Number of protein chains: 2
Amino acid sequence: MTSADVARVAGVSRATVSYVLNDTPHQTISAATRTRVLDAAAGLGYAPSAAARALRTGRSDVVLCLLPDWPIGPEIGTLLGNLSTELARSGLTFVAHPGSRADRPITDLWKAITPAAVLAFTDFSAAEVGAMRAAGVALVVGLLGRELEIPQQHVGRLQAGHLTAAGHTALGYAYPDDERVRIFAEPRLRGARSGFPDLSVRVVPLNPEAAAVAVRQWREEGVTGVCAYNDEVAMAVLAGMRREGLDAPGDLAVIGVDDIPAARLAVPALTTVTTDQAVVAAHLAETVVAEIYDRTLPARELTEVVRVVRRESA
Amino acid sequence: MTSADVARVAGVSRATVSYVLNDTPHQTISAATRTRVLDAAAGLGYAPSAAARALRTGRSDVVLCLLPDWPIGPEIGTLLGNLSTELARSGLTFVAHPGSRADRPITDLWKAITPAAVLAFTDFSAAEVGAMRAAGVALVVGLLGRELEIPQQHVGRLQAGHLTAAGHTALGYAYPDDERVRIFAEPRLRGARSGFPDLSVRVVPLNPEAAAVAVRQWREEGVTGVCAYNDEVAMAVLAGMRREGLDAPGDLAVIGVDDIPAARLAVPALTTVTTDQAVVAAHLAETVVAEIYDRTLPARELTEVVRVVRRESA
DNA sequence: CTGTTAGCGCATTCAG
DNA sequence: CTGAATGCGCTAACAG
């Protein structure tokens, strides 16, 4: 099933087939032959060979996303799913590559895929970006340095805002223990700080004993509300409090991020900040598509996509 | 950077380069030229064009995994990461495609990637399998129908075993509310039943009120221990118990599956069953590699990879 | 407006 | 053991 078959059935040349199938600009094709080609293609169930096209154009229609090496939660999972759906609408195929960059030099990766775009959460080095662009990759982007930075900051701002609105005047920030999520944690912390500069930041590991230590220290400082990096850290704070015989929100108010399923199951049910991943995905997709097809896009800030889910802990 | 460049630098023909780089059988190359070629390739940083190779051979070295449309947790995430690492070791590139099949007919997908193998959690229809195989995909496999079936069953068996070993004689099973995870839930339930046929199965939604209802009913039946589909469902049971003023494990023992981070943070800390994803991934990778390269493999059952993490709830 | 042609980079015969 | 030649399916110049 090649384009030659379609050409034969439609009674035109292969070039003509290529033109109508690709909507090649500056090539006007008569409506008659156009439909003839389209019908033939549909009738034969023709699908172009991605390999041949990639070889010829030096670029496939695959968008490759490099996943971070820390375990991704359902939030990111949802984001990727939505992104995939959005990109499919534009004929782009979204795939994600898990596993750290250490296993496989990223050059191997994009040489194996020849993607139209490469996305990643962490930033690329200048050398990496250069190499990819030189190889024909249209778009190379570190999500967190750009697209996701603003909403992440806003998450932190919302947390602090919720707490101060509830009358808290001394706040703590529960920072994650895992070095690998720094890139997510930093903008969130920045956001919280922008609304409340005097945050008392403490690292809170994901176990009750260690969390209890942090809780004790916050209490000594007079802190009455804490913003947690995410729901898991928030649950650790809750567990630490329980060990100290403290109750949320009375003794210490706690607010998380993500609204993972376990959040509503926590004791007390966790107040948290959730992100509308569908909107974020749509925006991301728009950016990617525009870049690949060399269109420009009106700048727009993603700030309406996060909101507080009020439950019991704050 | 083409194979011609390598040939020129090494002072041999392109065919020779191809031979040594692919370890072509029935072609003996002198060790001298072999190293000369290898050195030249390394020196130039040569990487073969995946597109050209795919066009020529009709198959890329990409292993495509179709993700289910329900949100994947950190467990599956870890599995995929490990699988990626293992496959990379054999020169295979692992990518995952999120998003439901509804968005994008899977034919589009493998035509865009020409993968060496396609993996999925759910099963493929006979027609789909046929089309893929005809298109040159070496391996098409529904993970849960085959490779993952046994360990999943063993998970259920372990849960029931742990509870009966602790002296419980009337057990319940907390089945997930989400239709989409049936394919995971069924083998786990089967496993639990195989060890304890009289299980009282109840659907437990992920909210405390609904869970409380199930808890009440189990209590009325005299159930003293419940196996939950996963940690989230287990936490729902715990939340339901709390609403009823009940304590685990005294009033009702609860055991989950997955050992998500929140499990150790639950109140009481959740006893659960964990899977050694590294071993599972290694086994899966072995299977895939063997199939792609047409080797056969000794059958081996994955049964030693799950174990109970004993905490407080059971 | 449509057809002809020339490679993209590679693996693979077939001769040497 | 190595070199030259062929074509995978497609797109982009270039002719007509």
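All values derive from a computational prediction rather than experimental measurement. Residue numbers start from 1 in every chain, and the chains themselves are labelled A, B, ... in the order their sequence lines are given, proteins ahead of strands. Heavy atoms only: backbone and side chains are in, while hydrogens, waters and symmetry mates are out.
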**Student:** Is it the case that dG3(C) (base atoms only) and R14(A) (side chain only) share a donor and an acceptor within less than 3.5 Å, ignoring hydrogens and angles?
**Tutor:**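 Checked by distance alone, the answer is no.
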
**Student:** Look at the side chain of T275(B) and the backbone N and O of V306(B), then say whether any donor-acceptor pair between them is shorter than 3.5 Å.
**Tutor:** no

**Student:** T16(A) side chain: which of dG3(D), dT2(C), dA12(D) is closest?
**Tutor:** dT2(C)

**Student:** If you only use heavy atoms from C-beta on, which nucleotide in dG9(C), dT4(C), dC10(D) is closest to the side chain of S3(A)?
**Tutor:** dC10(D)

**Student:** Nearest to the side chain of S18(B), heavy atoms from C-beta on, is which of dG9(D), dA12(D), dT12(C)?
**Tutor:** dT12(C)

**Student:** Just the rounded figure in Å: distance from P of dG9(D) to CG of L44(A).
**Tutor:**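 Answer to the nearest Å: 14 Å.
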
**Student:** Figure out the CG/P separation between L55(B) and dG7(C), and round it to whole Å.
**Tutor:** 17 Å

**Student:** Looking only at the side chain of Y19(A) (C-beta and beyond, no hydrogens), which of the listed nucleotides dG3(D), dC8(D), dC14(D) gets closest?
**Tutor:** dC14(D)

**Student:** I want to check something: taking the side chain as every heavy atom from C-beta on, are V62(A) and V95(B) in contact at a cut-off of under 4.5 Å?
**Tutor:** no

**Student:** Shortest non-hydrogen contact from A41(B) to V6(B)?
**Tutor:**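 Distance-wise, the nearest heavy atoms are N-CG1, 3.9 Å.
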
**Student:** I'd like to know if the side chain of T114(A) reaches the main chain of G58(A), judged simply by a donor and an acceptor atom lying under 3.5 Å from each other, with no hydrogens or angles considered.
**Tutor:** no

**Student:** Taking the nucleotide of DNA chain C with the closest heavy atom to each, which residue, R56(A) or T2(B), is nearer the 5' end?
**Tutor:**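 Nearer the 5' end of the strand: R56(A).
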
**Student:** Under a 4.0 Å threshold between the charged nitrogen and the carboxylate oxygen, would D39(B) count as salt-bridged to R36(B)?
**Tutor:**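 Salt bridge between R36(B) and D39(B), a charged N being under 4.0 Å from a carboxylate O: no.
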
**Student:** Taking CZ from R59(B) and C1' from dC8(D), how many angstroms apart are they, rounded to a whole number?
**Tutor:**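 Rounded to whole Å, this separation is 15 Å.
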
**Student:** Please report, rounded to the nearest Å, how far the P atom of dG9(D) is from the CG atom of D5(A).
**Tutor:** 9 Å

**Student:** Report the nucleotide, chosen from dT2(C), dG9(D), dC10(C), that has the shortest atom-to-atom distance to any side-chain atom of T33(A).
**Tutor:** dT2(C)

**Student:** Restricting to non-hydrogen atoms, name the atom on I113(A) and the atom on S60(A) that form the minimum distance, rounded to 0.1 Å.
**Tutor:** O-OG, 3.3 Å

**Student:** OP1 or OP2 of dT11(D) less than 4.0 angstrom from a side-chain nitrogen or oxygen of R53(A), does that happen here?
**Tutor:** yes

**Student:** Note down the inter-axis angle between the two ends of the helix from dC1(C)-dG16(D) to dG16(C)-dC1(D), five pairs each, to the nearest 10°.
**Tutor:** 40°

**Student:** For D61(B) and dC10(C), what is the distance between atoms CG and P respectively, to the nearest whole Å?
**Tutor:** 13 Å

**Student:** With a 4.0 Å limit, can you tell me whether S13(A) has a side-chain N or O closer than that to the phosphate oxygens OP1/OP2 of dG3(C)?
**Tutor:** yes

**Student:** If only atom types and distance count, is the side chain of E128(B) paired as donor or acceptor with the main-chain N or O of S125(B) below 3.5 Å?
**Tutor:**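 It does hold such a pair.
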
